[in-house]
Amino acid sequence: MTRYLISFDDGAMTFPEEELPEVAEASLKVVGKARDAGVWVFGGGLERQRASVVATDGTVTDGPYPETKAVLGGFAIIDVPSRENALEWAAELAAACRCAQEVREIMADPTD
């Protein structure tokens, strides 16, 4: 099986705040379904956009950089047989979260 990162940009969820409980419930149902199917690896939303960038020389700066147009808002990692399966799970998450999802294949762990 292959692992995929399903993610959405911070700010992509543009529904009214009073609908957050309904969206959270729908999202948790998809997560539960993915767990029951044995494909859920890990996921979560980012608490805030504070980030630190550590350079190759160990220098630490605040980030993300100002020229960044999209910032990660939340993500899920799933382990499925195909990209098509990952796209199906992303569609369920998109409907639950009410925002578009990006799907990217994760390279295999080199220690496996």
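The analysis underlying the following values was restricted to heavy atoms, covering all of them including side chains, and did not include hydrogens, waters or symmetry mates.
The distance from the CZ atom of Arg3 to the CG atom of Asp79 is 5.0 Å, given to the nearest 0.5 Å. The CD1 atom of Ile6 sits 10.0 Å away from atom CD1 of Ile77, with the distance rounded to the nearest 0.5 Å. Taking CZ from Phe8 and CG from Leu93, the interatomic distance works out to 9.0 Å, rounded to the nearest 0.5 Å. For the atom pair CD of Glu102 and CZ of Arg104, the computed distance is 4.5 Å after rounding to the nearest 0.5 Å.
In this structure, Ile78 is not a member of the same hydrophobic cluster as Phe42, with clusters built from ILVMFWY side-chain heavy atoms closer than 4.5 Å. In this structure, Trp89 is not a member of the same hydrophobic cluster as Leu5, with clusters built from ILVMFWY side-chain heavy atoms closer than 4.5 Å. Follow the hydrophobic side-chain contacts under 4.5 Å out from Val30 and you never reach Val41; the two are in separate clusters.
Counting only heavy atoms from C-beta outward, the side chains of Val31 and Trp40 approach each other to under 4.5 Å. Residues Thr2 and Glu105 are in side-chain contact: their nearest non-hydrogen atoms beyond the backbone lie under 4.5 Å apart. Within the 4.5 Å cutoff, the side chain of Met13 has no heavy atoms near those of the Glu19 side chain.
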Criterion salt bridge (Lys or Arg N to Asp or Glu O under 4.0 Å) on Lys29 and Glu92, from CA distance to verdict: CA-CA 10 Å; Lys29 283 184 182 178; Glu92 288 199 42; over 6 Å; no

Check the pair Leu46 / Leu72 against side-chain contact (heavy atoms from CB on, under 4.5 Å), numbers first and verdict last. CA-CA 8 Å; Leu46 299 182; Leu72 186 66; 4.0 Å; yes

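The two residues Glu18 and Pro21 come nearest to each other via the heavy atoms O-CD, 3.5 Å.
Of the possible polar contacts, none joining the Asn85 side chain to the Val80 backbone as a donor-acceptor pair under 3.5 Å is found. Put simply, the side chain of Tyr4 never gets that close to the backbone of Ile106: no donor and acceptor are under 3.5 Å apart. Under a 3.5 Å cut-off, the side chain of Thr59 and the backbone N or O of Ala55 do not form any donor-acceptor pair.
Residues that satisfy the side chain to side chain contact (heavy atoms under 4.5 Å, CB included) test with Leu20, not counting sequence neighbours, are Phe15.
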